[in-house]
Protein chains: 2
Amino acid sequence: MMMIDYAILGLLSWKPLTGYDVKRVMQDSPFLYWSGNNNQIYKALMRLLENGFVTNEIQYQESAPNKKIYSITESGMSELLRWVMSEEPEVPEFKKTFLIQLSWAGCLETEKVEELLARYEKIMTQQLAMRREEKCREKNFPNRSKQEHFMWEMIYDNFVMMCEAELCWIQSFREGLEHLKRENKHEPQED
Amino acid sequence: MMMIDYAILGLLSWKPLTGYDVKRVMQDSPFLYWSGNNNQIYKALMRLLENGFVTNEIQYQESAPNKKIYSITESGMSELLRWVMSEEPEVPEFKKTFLIQLSWAGCLETEKVEELLARYEKIMTQQLAMRREEKCREKNFPNRSKQEHFMWEMIYDNFVMMCEAELCWIQSFREGLEHLKRENKHEPQED
DNA sequence: CGTAACATGTAATCCGTTACATGATTCG
DNA sequence: CGAATCATGTAACGGATTACATGTTACG
């Protein structure tokens with residue numbers, strides 16, 4: 001059982017879904033960080049089935065491919081709850097390619113660094129708008145219990161806050177750069 | 001050429017290093033997100049050598065394994081600068097296992113959710129302290145130019161701010177939970 | 001006397017992604 | 001009539017991690 005198995009088990013704990021449904025949810029939930037590819041999802045569903053944590057019911061559809069609707073079992077439910085409570089929370093991992101890009105720009109002129117920073121600020125502002133919209137969409141999402149609603153909203157909010165923090169950092173970086181520029185003017189022969 | 005190649009090239013743009021040095025820097029810089037394993041580093045160094053972006057000088061040491069000290073070339077330097085300025089900044093990726101864990105805890109009693117949250121808060125507080133210490137260590141780091149210093153400090157600061165944002169989110173989650181609890185008391189038969 | 005740090009490399013494995021394969025329907 | 005959506009699966013590839021292999025010195 002790997003992480004993705006528990007993620008899927010979790011989705012099924014709310015309502016029965018097909019593999020295709022799971023795929024779609026994963027694709028547009030940034031916190032389910034897998035790309036939502038078939039290979040992992042269908043394999044995970046098979047693993048869950050083997051372990052008896054889910055069952056599937058085949059819905060024959062004329063004039064459309066058959067559906068396999070997966071539901072969580074009692075055993076699956078208790079396994080999920082066990083995992084949720086026993087797994088020690090992990091510190092989040094960040095993959096910030098931009099930091100790598102920026103870090104070696106130290107030898108560039110300050111203007112170039114500022115340009116890079118401005119470009120990053122632009123895409124992060126877009127990102128923030130997107131996340132906010134996602135959160136808003138969640139508000140109007142039908143067929144969700146109060147709990148479910150609350151969870152999704154908080155999760156979207158997490159990403160919103162991450163974007164805001166990043167933008168805040170960009171600003172402080174910019175101020176630091178300004179400071180450095182002024183210092184260099186005073187003593188331009190610094191080694 | 002992949003991302004890790006540019007990361008190493010960047011490190012070498014500051015000072016010549018051995019593969020082993022690179023490994024250590026990667027291991028304790030959270031923003032160089034690779035685990036710092038030999039396989040990738042030595043292969044990347046070979047690729048860089050093949051492309052003429054670095055040269056190596058072998059230092060024979062009696063009574064110790066030989067060192068290969070890698071230095072960036074002119075061509076490597078211009079390739080690095082080209083990459084830094086041409087690469088479109090990417091939005092950061094987050095891998096927050098805890099969000100997955102928490103999201104399916106909706107069916108649990110509120111107390112359990114609060115317990116999970118408290119555990120997460122604890123490790124994030126520790127994390128924040130670590131990041132702050134790292135930033136502090138950087139302040140007293142010897143043999144670094146003003147620019148280099150500034151960059152590292154800002155990068156460490158980025159991680160500090162991420163931790164702070166996360167802790168802030170935890171707090172708002174907790175308040176949301178309180179709110180939900182009070183609502184459920186008033187209308188406990190909610191479906 | 002075992003373990004950690006120094007130092008360079010390779011092999012095996014795992015996880016995740018893209019792309020492929022199939023096939024019906026619907027929309028522009 | 002091609003592209004997109006629905007629907008399930010497999011194959012191939014590439015990136016990253018762990019573990020293996022080798023050998024010295026220094027420290028507790």
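Note that the structure is predicted; figures quoted are calculated from it, not measured. The figures here come from the full heavy-atom set of this structure, side chains too, leaving out hydrogens, waters and symmetry mates. In the text below, chain A, chain B and the rest are named by the order of the sequence lines, each starting its count at 1.
Counting only heavy atoms from C-beta outward, the side chains of E134(A) and D157(A) never approach each other to under 4.5 Å. Looking only at side-chain heavy atoms (C-beta outward), K95(B) and K95(A) stay at 4.5 Å or farther from each other. Inter-residue side-chain proximity for Q101(A) and F98(A) is flagged as met; some heavy-atom pair is nearer than 4.5 Å. Looking at heavy atoms from C-beta onward, Y42(B) lies in side-chain contact with Y20(B) at the 4.5 angstrom threshold. In this structure, Y33(B) and M3(B) have side chains that are in contact, with non-hydrogen atoms separated by less than 4.5 Å.
What separates CD1 of I58(A) from P of dA7(D) is a distance of 14 Å, to the nearest Å. Rounded to whole angstrom, the span from the OH atom of Y33(B) across to the P atom of dG16(C) amounts to 16 Å. If you measure from atom CD1 of I41(B) to atom C1' of dT18(D), you get 14 Å, rounded to the nearest angstrom. One can place CH2 of W34(A) at 18 Å from C1' of dG15(D), the figure rounded to the nearest angstrom. As a whole-Å value, the separation of M1(B) CE from dG15(D) C1' is 16 Å. Here dC15(C) presents its C1' atom at 14 Å from CE of M26(A), a figure rounded to the nearest Å. Rounded to an integer number of Å, the gap from R47(A) CZ to dC15(C) C1' is 10 Å. Atom OH of Y60(A) is separated from atom C1' of dC6(D) by 18 Å (rounded to the nearest Å).
Side-chain N/O atoms of Q40(A) include none lying less than 4.0 angstrom from OP1 or OP2 on dC15(C). For the OP1/OP2 pair of dG16(C) and a distance below 4.0 Å, the side-chain nitrogens and oxygens of S35(A) include no atom meeting the criterion.
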Can you check each nucleotide of nucleotides 7-13 of chain C against protein heavy atoms at under 4.0 Å and return B for base, S for sugar-phosphate only, - for none, in 5' to 3' order?
BBBBBB-

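Sorted by first and then second residue, the salt bridge (charged side-chain N to carboxylate O under 4.0 Å, His left out) pairs with a member in residues 158-169 of chain B read K96(B)-E166(B), R132(B)-E164(B); sequence neighbours excluded.
Ion pair R137(B)/E133(B) flagged as a salt bridge, since at least one NZ, NE, NH1 or NH2 atom sits closer than 4.0 Å to an Asp/Glu carboxylate oxygen.
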Just list the side-chain donor-acceptor pairs under 3.5 Å for residues 45-56 of chain B, sequence neighbours left out, or say none.
unit_1	atom_1	unit_2	atom_2	d
R47(B)	NE	D5(B)	OD2	2.8
R47(B)	NH2	D5(B)	OD1	2.9
N51(B)	ND2	R47(B)	O	3.2

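Between the side chains of Y6(A) and E79(A), at least one donor-acceptor pair of N or O atoms lies under 3.5 Å. Side-chain contact check for Q27(B) and R24(B): no donor-acceptor pair (N or O, by modelled atom type) lies under 3.5 Å.
Listed by chain and residue number, F31(B), I155(B) satisfy the side-chain contact (heavy atoms from CB on, under 4.5 Å) test with S103(A) (two or more places apart in sequence, or in another chain).
Axis angle, first five pairs versus last five pairs of the helix from dC1(C)-dG28(D) to dG28(C)-dC1(D): 30°, rounded to 10°.
Within residues 90-100 of chain A, no residue has any heavy atom closer than 4.0 Å to DNA chain C.
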